[in-house]
Structures are given as C-alpha cells and as structure tokens.
Amino acid sequence: QVQLVESGGGLVQPGGSLRLSCTVSGSIFAIYAMGWYRQAPGKQRELVARVSSGSSPDYADSVKGRFTISRDENTVNLQMNSLESEDTAVYYCNAQNYHSEEYWGQGTQVTVSS
C-alpha cells in the first residue's frame, strides 16, 4: 500500500528556515509529479510547490524566491527560507503517478511565530 511519510515540520521564528521531506513507499511505482500543499486554519488547501517530470518547478507566488522544491526519485524536499507568519499551516505531501492517481501524506505542522 502506498504511503507518503513527511518530516521536518516544527516551530520556527519569523525569518527562520525549515526543510520538509517526504518519501513515497509502496506500489505507486512510476511517479510523475510530487509537490507540497498547505492548509491554514479556516482556509482552502493551496499549492505551495510542485515538480513534474520534464517540467520546471511551479511555485505559489507567495513563496517564490523563498522556497525551493527538489525531487530525487521517490523523495521530495521543500527548503523553506525567510519564513513568515503567513506560512503557518499544515503542509501536505502529494504524489501523482503516470496513471493520474494521486496520493497524500497525513500532513506536518509548520508554525512560524515569535
């Protein structure tokens, strides 16, 4: 069974950095794209960053220049720098295979507060 395991969340001060990591295991087989989404309290889930095979990474406008996504086989990382309070959310890892099947992690909390 497919599992997406996230790590790296936590509490940081504004201006600080965190690195999220997600590893896929199970029968997803061939991954086409992996990415990170987030959901803040009272808000809809939104795309943070995504990278697919053969394409440049996509970033939400709010994180461009601050976040960097990287992928290596079944692992995707999100380097988050210059964090702001507005980045506080639960961050979810997402993976999509070549058959348009999508999988989600359970989420990891990122809190940016002084």
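As a basis for the values below, the full set of heavy atoms in this structure was taken, side chains included, without hydrogen atoms, waters or symmetry mates. Being a predicted model, the structure only gives us computed values, none of them experimental.
- In terms of modelled atom types and a separation under 3.5 Å, the side chain of Tyr59 and the main chain of Ile69 share a donor-acceptor contact.
- Under the 3.5 Å distance criterion, the side-chain polar atoms of Ser55 are left unmatched by any main-chain donor or acceptor of Ser52.
- Note that CD of Gln13 and OG of Ser85 are 13.0 Å apart. Values are rounded to the nearest 0.5 Å.
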Checking side-chain hydrogen bond (donor to acceptor under 3.5 Å, both in side chains) for the pair Thr111/Gln109: CA distance, chi angles, key distance, verdict? CA-CA 6 Å; Thr111 302; Gln109 177 71 48; 3.3 Å; yes
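- A donor-acceptor pair under 3.5 Å links the side-chain atoms of Glu6 to the main chain of Gln106, judged by distance alone.
- Considering CD of Gln79 and OG of Ser21, their distance stands at 11.0 Å, rounded to 0.5 Å.
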Evaluate side-chain contact (heavy atoms from CB on, under 4.5 Å) for Asn77 paired with Leu20, printing each intermediate quantity in order. CA-CA 5 Å; Asn77 300 308; Leu20 305 182; over 6 Å; no
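- In this structure, Ile31 and Asn74 have side chains that are in contact, with non-hydrogen atoms separated by less than 4.5 Å.
- Of the inter-residue distances, the one linking Arg50 atom CZ with Met34 atom CE reads 11.0 Å to the nearest 0.5 angstrom.
- Under the 4.5 Å side-chain criterion, counting only non-hydrogen atoms from C-beta, Ser113 is in contact with Leu11.
- Formation of a donor-acceptor pair under 3.5 Å by the Asp61 side chain with backbone atoms of Lys64 is not found in this model.
- Checked against a 6.0 Å centroid threshold, the rings of Tyr32 and Tyr98 count as neighbours.
- Cluster membership for Val76 and Leu4, using ILVMFWY side-chain heavy atoms within less than 4.5 angstrom, is shared.
- A distance of 6.5 Å separates CG of Asn81 from OG1 of Thr68, quoted to the nearest 0.5 Å.
- Within the 4.5 Å cutoff, the side chain of Cys22 has no heavy atoms near those of the Arg71 side chain.
- For the pair Leu83/Phe67, a side-chain contact is recorded, criterion being any heavy-atom separation below 4.5 Å from C-beta on.
- Inspection of the Thr23 and Thr75 side chains reveals an N or O donor paired with an N or O acceptor under 3.5 Å.
- A side-chain donor-acceptor contact under 3.5 Å links Thr88 to the backbone of Val112.
- Side chains of Gln3 and Val24 form no contact here, defined as non-hydrogen atoms less than 4.5 Å apart.
- A donor-acceptor pair is defined here as one N or O able to donate and one able to accept, closer than 3.5 Å; no such pair exists between the side chain of Arg38 and the backbone of Ala89.
- Side-chain heavy atoms closer than 4.5 Å link hydrophobic residues (I, L, V, M, F, W, Y) into clusters, and following such links, even through other members, never connects Tyr92 to Val5.
- Connection of Tyr37 to Tyr103 is not established within any shared hydrophobic cluster, with ILVMFWY side chains joined at heavy-atom distances below 4.5 Å, either directly or through further cluster members.
- Val90 and Val110 fall into different hydrophobic clusters, defined by Ile, Leu, Val, Met, Phe, Trp and Tyr side-chain heavy atoms under 4.5 Å apart, directly or through other members.
- The side-chain heavy atoms of Trp104 and Cys93, taken from C-beta on, include no pair separated by under 4.5 Å.
- Inter-residue side-chain proximity for Pro14 and Glu84 is flagged as unmet; no heavy-atom pair is nearer than 4.5 Å.
- Smallest separation of non-hydrogen atoms from Val51 and Pro57: CG2-CG, 4.2 Å.
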For the pair Val48 and Leu78, evaluate side-chain contact (heavy atoms from CB on, under 4.5 Å) and give the outcome as yes or no after the intermediate values. CA-CA 9 Å; Val48 178; Leu78 185 68; 4.0 Å; yes
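- More than 12 heavy atoms of other residues, nucleotides or ligands lie within 6.0 Å of CD in Gln39, so this atom counts as buried by the packing criterion.
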